[in-house]
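Before any comments, here is the structure.
For this chain, numbers begin at 1 and follow the sequence in order. Nothing here was measured: the structure is a model prediction, and the numbers come from that model.
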Amino acid sequence: MTTIAPDARMAGVARTYPPRAAVVSWIFFDWAAQPYFTLITTFVFAPYFATAIAPNPAAGQSLWGFAMAAAGLAIALLSPVLGAIADASGRRKPWIAGFGTVLVLASCTLWIGKPGDHAVIPLVLTAVALASVGAEFATLFNNAMMPTLVPPERIGRLSGTGWATGYIGGIVSLIIVLGLLAANPETGRTLLGVTPLFGLDPLTRQGDRAAGPLTALWFIIFVTPMFLFTPDYPAKRPLGEALREGLSELKQSINSLPRQKSLAAFLLANMIYTDGLVSLFAFGGIYAAGTFGWHTIQIGTFGIMLAIAGALGAWFGGKLDDRLGPKRVIAGSLLVLLLSVAAILLVDKDSVLFVKTAPPQAGAALFSSTAERAYLVLGCLIGAAGGPLQAASRTLLIHLAPKDRIAQYFGLFALTGKVTSFIGPLLIGLVTALTASQKAGMAVLVVFFVAGLGLLVRVRD
């Protein structure tokens with residue numbers, strides 16, 4: 001495929017983009033990396049750690065939070081620096097390989113987390129933090145390869161398809177673990193009613209612990225095509241020289257942000273609405289558990305439905321991105337999130353939008369009450385909006401950032417997505433504690449989405 005590069009049109013220079021196999025191989029990076037977030041940090045290993053390895057669930061939640069906070073701080077501080085060095089050195093794949101190796105080794109280490117073995121807690125938490133750093137940094141450099149893969153008018157579709165593929169990979173990996181590997185210690189059966197594969201012992205929770213090695217193996221298998229078929233940026237200069245030049249350019253970029261008003265407004269908006277989105281996903285299950293009394297099966301099923309909605313939303317949002325522009329897709333996604341959160345606050349176990357309904361009954365079928373079904377619909381709307389919001393955000397950054405410093409600005413993008421990530425959960429926790437109301441705590445999220453939307457208005461795509 002040959003087209004005219006946007007920065008070369010005036011000079012009449014044709015730009016050649018790689019074949020479809022290179023693009024598809026790049027897309028599969030999202031599929032390769034997603035199980036870390038789905039299996040380890042959300043649905044399998046995190047709850048297993050809190051309930052089986054830690055002394056008690058409260059201590060487990062606290063320790064896990066400290067580990068993830070430390071990882072988030074490291075990611076926030078180092079992302080712009082590493083991105084600047086990568087831009088100066090040219091190549092992306094060595095960075096992906098290095099941080100991918102960290103992800104693989106750290107994920108494998110989680111196998112040692114036996115139930116009740118408090119001695120392994122420091123090592124397990126260190127491994128979780130390192131795996132998080134590896135996954136996030138490998139993703140950063142993978143994102144920075146996007147501008148060389150397709151013409152500018154197809155970047156939105158590429159981003160949306162990659163995000164949707166990642167969601168699907170997370171769903172498939174979760175079904176494999178819950179359906180074939182992780183069993184109930186009391187029944188010895190998985191969610192599909194079968195004995196665990198490979199003779200995994202339910203009593204020592206080997207199926208839950210296998211989430212770590214499976215994440216590592218999954219990454220190795222599905223990231224390999226990217227290394228084989230997707231072309232890298234050409235090398236520019238040695239690492240030592242790249243370090244000096246990259247840091248100098250990063251300083252210049254940060255100093256120039258006040259003059260780049262659209263880019264600065266977007267990075268600030270991303271910081272705010274990403275904090276709101278992460279908090280919404282983190283507390284959605286907790287809110288449902290408190291409102292409807294949902295347990296693992298209901299919350300797990302709810303999570304799978306949200307992931308499916310997110311995949312469809314990201315794929316369709318990618319098409320809208322190319323047609324309408326990423327800013328409009330982000331604005332539309334934020335409006336859907338805002339209205340959905342407001343509606344969720346008007347759903348209780350025995351009422352929907354002020355209309356009385358029958359409450360959930362013990363022993364009834366899954367999601368049998370009207371209020372639960374309304375929550376599912378609103379949750380799927382949130383999932384469908386969350387996918388395109390994140391996919392279009394990285395597209396908009398590519399539109400706004402200087403092309404020769406794209407990895408550096410993806411580093412700043414990662415910084416804004418992480419540096420204040422504690423504020424949303426903190427405010428929800430404080431408001432909930434002060435009011436003794438889950439609804440009041442969740443209402444805080446409205447402020448995040450309104451503020452993000454207000455700042456987005458100042459961005460010129």
Side-chain angles (χ1 to χ4, degrees), residues 42 46-47 50 57-62 64-66 68-69 72 268-296 298-299 302-303 305-306 309 333-360 367 369-386 389 417-456:
T42 307
Q61 179 172 305
S62 176
W64 189 272
F66 291 144
M68 298 308 293
L268 187 58
N270 176 70
M271 180 176 70
I272 294 173
Y273 67 64
T274 297
D275 198 1
L277 184 64
V278 170
S279 301
L280 179 56
F281 285 149
F283 284 88
I286 296 173
Y287 183 79
T291 302
F292 303 113
W294 285 359
H295 298 294
T296 302
Q298 293 97 322
I299 293 174
F302 179 56
M305 294 175 67
L306 257 66
S333 299
L334 287 173
L335 282 173
V336 172
L337 288 170
L338 183 60
L339 294 174
S340 298
V341 170
I344 277 177
L345 297 176
L346 301 178
V347 174
D348 211 333
K349 63 181 179 181
D350 57 357
S351 65
V352 177
L353 303 178
F354 304 112
V355 177
K356 286 292 184 180
T357 61
F367 310 130
S369 74
T370 301
E372 288 177 304
R373 291 171 181 171
Y375 192 84
L376 286 180
V377 171
L378 293 171
C380 287
L381 284 176
I382 289 170
L389 174 65
K418 290 287 184 183
V419 71
T420 61
S421 59
F422 66 93
I423 292 180
L426 177 62
L427 287 177
I428 291 175
L430 285 174
V431 173
T432 302
L434 291 173
T435 62
S437 167
Q438 282 188 293
K439 288 185 183 296
M442 293 294 284
V444 170
L445 297 176
V446 172
V447 178
F448 284 86
F449 296 132
V450 169
L453 194 57
L455 283 166
L456 187 69

From CG (Leu277) to CG (Leu334), nearest 0.5 Å:
9.0 Å
Rounded to the nearest 0.5 Å, what's the gap from OH on Tyr273 to CG on Leu456? Could you check?
6.5 Å
Quick one: pull up OG1 in Thr274 and CG in Leu389 and give me the separation to the nearest 0.5 Å.
6.5 Å
How far does CD1 of Ile272 sit from CG of Asp275, to the nearest 0.5 angstrom?
9.0 Å
Counting C-beta onward and ignoring hydrogens, is there a side-chain heavy-atom pair between Leu280 and Phe449 closer than 4.5 Å?
yes
Would Met442 and Val431 count as a side chain to side chain contact (heavy atoms under 4.5 Å, CB included) if you check the C-alpha gap in whole Å, the side-chain angles of each, and the deciding distance to 0.1 Å?
CA-CA 9 Å; Met442 293 294 284; Val431 173; over 6 Å; no
In terms of heavy-atom contacts, Leu306 and Cys380 come closest through CD1-N, 4.1 Å
From Leu378 atom CG to Leu339 atom CG, the distance as rounded to the nearest 0.5 Å:
10.0 Å
Nearest heavy atoms of Leu445 and Gly276, plus distance in Å
CD2-O, 3.6 Å
Considering all heavy atoms, the nearest Gly452-Ala269 contact
O-CB, 3.7 Å
Interatomic distance, OG@Ser340 vs CG@Leu345, rounded to 0.5 Å, equals 11.0 Å
Should Val444 and Phe448 count as side-chain neighbours, where that means a heavy-atom distance under 4.5 Å?
yes
Grab the two heavy atoms, one from Val347 and one from Ala371, that are nearest each other, plus how far apart they are.
CG1-O, 3.7 Å
Taking all atoms of both residues into account, what is the closest heavy-atom pair of Leu381 and Val336, and its distance?
O-CG1, 3.8 Å
